[in-house]
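So that the names make sense, note that chain A is the first sequence line, chain B the second, and so on, each numbered from 1.
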2 protein chains.
Amino acid sequence: MSRWEPGAAERLQAAALELFVEHGFAAVTVPQITARAGLTTRTFFRHFADKREVLFAGEDAVPPVITRFFAEAPAGLSTMQLIERGLCEVVAPRFAGMRDQLRVRREVVRSDEGLRERELRKGALVAEAGAAGFRARGLGELEAAVAAQLAATIIGTAVARWLDEPEERPLTDIVRETIAALKDVVQH
Amino acid sequence: MSRWEPGAAERLQAAALELFVEHGFAAVTVPQITARAGLTTRTFFRHFADKREVLFAGEDAVPPVITRFFAEAPAGLSTMQLIERGLCEVVAPRFAGMRDQLRVRREVVRSDEGLRERELRKGALVAEAGAAGFRARGLGELEAAVAAQLAATIIGTAVARWLDEPEERPLTDIVRETIAALKDVVQH
DNA sequence: TGCCTGATGACACTACATGTCGTCAACTAG
DNA sequence: CTAGTTGACGACATGTAGTGTCATCAGGCA
């Protein structure tokens, strides 16, 4: 048996989310979180770089997934085909079954400017991984940057709509609708 | 004659930028900034919500400009025409003559994650103003959100390239190149 | 002359974040 | 079986960001 209960980071995340929902992000202090998790303040900052990060841990795993997708994707696909495949086969499945949880989390993030900033930064890191992937496939700097931003726009908009709708339907459907809307906007 | 030297906010901005360039954003404390500007710490936070904001004050003026552009734009333009006009006639001129200054500022922002986050947030606020404008012109929720994100992608990518290039050339040219690249990516 | 307004100074205080050291279970080598 | 090592955590100290509150005083106004 261990000297401490295992899963410190997970306990901190759970305690933090509970408290944020109950009292709002700004009103919750780190000592309150650690008290609920049975740990000390110092330990919180060993697991998370700052108070906001406790809501985003795990998203660091996404960029490597993007990189792997590009490495494994078959050659000969057009940029937009690559985006659609990547979003529908790699990104969207990661959200499956998490809709309710994400809706809760989104309410917390929405309520605080600082959290919104962090969310944007995490998205930018994912987009940067995408841009690197496109460059690796031979796209020019400009085209790669644009393509990655397009992908980020599509998935961001699609997920927002997916969470907004009262009834859940497949995220991949919404991704494809968003791509269609984007093509429509660009073409006219 | 006034009891204090006028232009407190401007002095604080100038002092802050100087110090950030000299020592890096993280290494500079607010008391150091206010000492150079001849003010107190408390006064700094009266003018700027936080330490980062001193680099972004003034960008709050952009969303109203976007809103006005949409109100005054002639009817009958397609979405992409509207984006090109808005970026070339309203947004790009605001950057004219500021290239060297923006390059300095960008180096500072690049060096700090927190500043990058704030920059993304400011961009998101501008994009939201754009989305509202498109909605006001009759676009659906999804199309408006996508269109605004496209505009943000175009201007963001274009400005980055404008600042990267060794020789300065018209930002509007680069905007049009970026739009062309985007259409090319989407069409294939 | 006297009142009001607004920007600033002065001071106190909370919370976030970090550096450093001590502790002790679990693991590892011989 | 033992000695040394590792790693997660607690305990303590400290620095910086950010806020609330009240005092001060030049300039405007009646």
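For the atom pair CD of Glu84(A) and CG of Leu77(A), the computed distance is 10.5 Å after rounding to the nearest 0.5 Å. A distance of 10.0 Å separates CD of Glu22(A) from CG of Leu17(A), quoted to the nearest 0.5 Å.
The nearest whole Å value for the distance from the NE2 atom in His23(A) to the P atom in dA15(C) is 14 Å. Per the geometry, CD1 belonging to Ile33(A) stands 11 Å off C1' belonging to dC16(C), to the nearest Å. We find that CZ of Phe44(A) is positioned 11 Å from P of dT18(C), with the value rounded to whole Å. To the nearest angstrom, C1' of dC16(C) lies 15 Å from CD of Glu53(A). The interatomic distance linking Lys51(A) (NZ) with dA17(C) (P) rounds to 8 Å, in whole Å. Spacing between atom CZ of Arg3(B) and atom P of dA10(C) amounts to 11 Å, rounded to whole angstrom units. In this structure, Arg52(B) atom CZ and dC16(C) atom C1' are separated by 12 Å, rounded to whole Å. If you measure from atom CG of Asp50(B) to atom P of dA17(D), you get 11 Å, rounded to the nearest angstrom.
With a 6.0 Å cutoff to the six-membered ring centre and a 45° limit on the axis angle, Lys51(A) does not count as a cation-pi contact of Phe45(A).
A close approach under 4.0 Å does occur between a side-chain nitrogen or oxygen of Thr43(B) and OP1 or OP2 of dG9(C).
Surrounding CD of Glu141(B) are at most 12 heavy atoms belonging to other residues, nucleotides or ligands under 6.0 Å away.
Candidate nucleotides dC9(D), dG18(D), dT8(C) were compared by shortest atom distance to the side chain of His47(B), and dT8(C) ranks first. If you check dG18(D), dC16(C), dA7(C) against the side chain of Phe45(A), the one that comes closest is dC16(C).
Closest-nucleotide positions on DNA chain C for Thr41(A) and Arg46(A) were compared, and the one nearer the 5' end corresponds to Thr41(A). Comparing Trp4(B) and Ala49(B), the nucleotide of DNA chain D nearest to each residue sits closer to the 5' end for Ala49(B).
Ring centers of Phe48(A) and Phe56(A): at least 6.0 Å apart, outside the cut-off.
At a cut-off of 3.5 angstrom, the base of dG20(D) holds at least one donor-acceptor pair with the side chain of Arg42(B).
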